[in-house]
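Down below is the structure, laid out as structure tokens.
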Amino acid sequence: MPIIRVALNVPVDTLFDYQAEDVSKDDIGLRACVPFGKKQVTGIILAVSDETQIPIEKLKSAHGIFREIKPLPAALLDLFHFCSQYYHHPLGMVILNGLPVKLRNNKPVNLKRKPAQYQYSLTSSGKNVAVTQIPARNRVARRLLGEFQQTETLTSLQIKHISPRAEKLLQDWIQLDWITAKFCSTAAVARVAEIPVLTAEQEVAVNAITADAKQFNTWLLHGVTGSGKTEVYLRIIESVLVQGRQALVLIPEISLTPQLEGVFRARFSTVPLVSLHSGLNDTERLTGWLQAQRGEAKIILGTRLAVFTPISDLGVIIVDEEQDSSFKQQDGLRYSARDLAIFRARQSAIPVILGSATPSLESYYNALTGRYRHVRLLSRAVQNATLPLIQCIDTRINKTQEGLSGPLIQALDRCLQKKHQSLIFINRRGYAPVLLCKSCGWTAPCQRCSSRLVVHLRDKKLCCHHCGHQELFPRACPQCGNQDIAPFGQGTQRVEETLTADFPTARILRIDRDSTRRKHAWQEILHAVHTHQVDILIGTQLLAKGHDFPNLSLVGILNADGALYSTDFRASERLFAQLMQVAGRAGRANVAGHVLIQTEFPDHPLYQALQRHDYDALAQTLLAERKMAGFPPYVYQALLRAEAHHIKTVLDFLAQAAQLAHPPQTVELFDPVPAHMTRLKGLERAHLLVQSSSRKHLHAFLTGWYAKITTLPSQKVRWVLDVDPLEF
DNA sequence: AGCACGCCGACT
DNA sequence: GTCGGCGTGCTC
């Protein structure tokens, strides 16, 4: 009887052999349900053979093979294989983690007929209906209409997503002539929205990429905020769709999916699109995955996990905001979706486009050295729009009160009078970052992490932003008993309080994780901002990403200096990218943008470069520093991370691992050190850095070392290899 | 990862 | 005398 070799979701890097009837090589990539120990599990068939190394008495028979869906394509299995090897993670775990949950269980996929896909479009009379015409208690109807008025067209699936009850309203609305319905089954490339004329730069970019669309190339699409990178994506996707091929678009955050999805649906209204992200439930995720695999979905839009979607006829991959660290998974399998996207593109002989206004230094360096092809968009695409004016406010001269300096308050006031919107950016949620005893200097610590508890005044609580721990305010200092304990420093809530006092008539809205936690909160907030129901926005980095605020003319930045004295060598790069992104929120259409940065170091090269919008100047400076210090992109790194209840256990383990390493001369092994955040969620963490100027040598070394570490008695230590680490 | 096997401390 | 602690090792 033939043997199938199955990858299972277990932390050992071996395949498990089973006897199976009626199997052939065509079954590679199918799911098989097999007995494993006392349990039944489902894995993926990776090989079919007549032989096995396993003694016959140990060999069991597979319970069954699922044939209701097509096998995983060979290319996807290759991707998993590469991922397993490159990141040194067991193959079975890589594969099963990359599949939708519904494919991991012992059940066949339920292929019940999916509901007919209709597409509903808002009519011109529908556009004129005011949301207030709908009684406020009819919340679903209000939300649905609001959604229609934002994106104009919605599919049955999207509507179901808004609310299961929303579908009931549609027939009435068709009667009222607010919307029209049409069946969508074809994938015709029909563009409905008004198509902007390309700028000369955009045209050069589009032509260059489409002219070379038949082979693998990594393109760095390097365009300032507002230069119209999205339009370049759209044109390239269009050329791929015309050939009947599919496009994969990766974006950093779930919160950006609706926005980009709206753009795509408006442009390619009849083209089936799926979006895949962690906000979907298991069924939705499986449905989207299957549509992509069957080739029905032509545009696959998603966060990093979407890089593992089977796509039968991929024509292009786009990675938007490629510098964003959320493309790197920070637990378990620590893969970079951006780097895997490049592997996939090479494998499929198609272009991959990395888009950014502030590329990662790695990508920029690759573009400079010619590994990547560099296309630049230097001017804003919208007519009349100029780059915002960026200035520093020297807080050594202009002292701040409650975190706000005089010039910033005055600028806010002028902005209010002109009825423009303004934004205060402060990357710290809560009321104040610490609770301080003024007599002995005690600050409230987290018991489980090496961090300070953040003051959340509204619910009279202290919160740890790392582990979620909450506790009540102490009445007095637990160290010296003094009652003079008070919040110290600024967070979004405190800035909100201060500004409310300073501008009592202004409409102020705070946007951070605390205010957007509620379902649909984001949609409501964006709607309020777009319809100018808000004068001053206060927000964290949530605000920095992607969203267009057309009425925004002033951005104030508080407390950015912290990153300048960070020990993380990537802190400057990240700060620059983040500030550039926030600055880009100002002055989109006809309103000139103004950005004011409160800092004690206005002469710092980072702020100097920012004021001149000069990414290249800063990038060159940082690259020179990295070269001198021997940091990426001039070396390749890997981190052996370990955690346990006691730091000694961790350091002993790392010391043992270092002992059996025996690195070649080209690979440098550093001493174990405690992690930046030594305690996290009750565990102590440390790591050991390995680096080399040769990726090949580093990888070869890691492979051997990984095998040796696996044999160590791991006691109570949890460890992982983090290849190309971003955080230390 | 689970789950069993296995060898040492406090309990009805 | 046992119940159960979690260290070690295996799963085709």
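Reminder, nothing fancy here: chain letters follow the sequence lines and each chain counts from 1.
- Annotation: proximity of residues 26-56 of chain A to DNA chain C (heavy atom, distance under 4.0 Å) is found for A/Pro35, A/Phe36, A/Gly37, A/Ile54, numbered in ascending order.
- Bounding nucleotides for the chain A contact on DNA chain B, 5' to 3', at a heavy-atom distance below 4.0 Å, are B/dA1 to B/dA4.
- When the side-chain nitrogen and oxygen atoms of A/Lys60 are compared with OP1 and OP2 of C/dC12, one or more of them lie within a distance under 4.0 Å.
- Taking the side chain to side chain contact (heavy atoms under 4.5 Å, CB included) definition, one finds that A/Ser49 meets it with A/Glu51, sequence neighbours left out.
- In this structure, A/Glu57 atom CD and C/dC12 atom C1' are separated by 11 Å, rounded to whole Å.
- Among residue pairs with one or both ends in residues 50-80 of chain A, those qualifying as ring-ring contact (aromatic ring centres under 6.0 Å, His included) are A/Phe80-A/Phe308; sequence neighbours excluded.
- Residues A/Asp724 and A/Arg695 are paired through a salt bridge, judged by an N-O separation under 4.0 Å between the basic side chain and the carboxylate.
- A heavy atom closer than 4.0 Å to some atom of DNA chain B occurs in no member of residues 78-108 of chain A.
- Ring pair A/His699/A/His88 is tilted by interplanar angle, where 30° to 60° counts as tilted.
- Within 6.0 Å of CZ in A/Arg67 there are more than 12 heavy atoms belonging to other residues, nucleotides or ligands.
- In the region residues 8-24 of chain A, proximity to DNA chain B at under 4.0 angstrom, judged on heavy atoms, holds for A/Val10, A/Pro11.
- By the salt bridge (Lys or Arg N to Asp or Glu O under 4.0 Å) test, A/Arg31 is found to be paired with A/Glu68, residues two or more places apart in sequence or in another chain being considered.
- Listed by chain and residue number, A/Gln293 satisfy the side chain to side chain contact (heavy atoms under 4.5 Å, CB included) test with A/Lys70 (two or more places apart in sequence, or in another chain).
- In this view, A/Pro433 and A/Arg428 satisfy the side chain to side chain contact (heavy atoms under 4.5 Å, CB included) rule, not counting sequence neighbours.
- Electrostatic pairing of A/Glu643 and A/Arg679 does not count as a salt bridge here, judged by no charged N lying under 4.0 Å from a carboxylate O.
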Can I get a per-line list of side-chain donor-acceptor pairs under 3.5 Å for residues 32-46 of chain A, giving both atom names and the distance, sequence neighbours left out?
from	atom 1	to	atom 2	distance (Å)
A/Thr42	OG1	A/Asn105	O	3.2
A/Thr42	OG1	A/Asn106	OD1	2.7

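- Residue A/His81 qualifies as open at atom NE2: its count of foreign heavy atoms under 6.0 Å is 12 or below.
- In this view, A/Thr666 and A/His697 satisfy the side chain to side chain donor-acceptor pair (under 3.5 Å) rule, not counting sequence neighbours.
- Taking the side chain to side chain contact (heavy atoms under 4.5 Å, CB included) definition, one finds that A/Glu284 meets it with A/His161, A/Leu280, A/Asn281, sequence neighbours left out.
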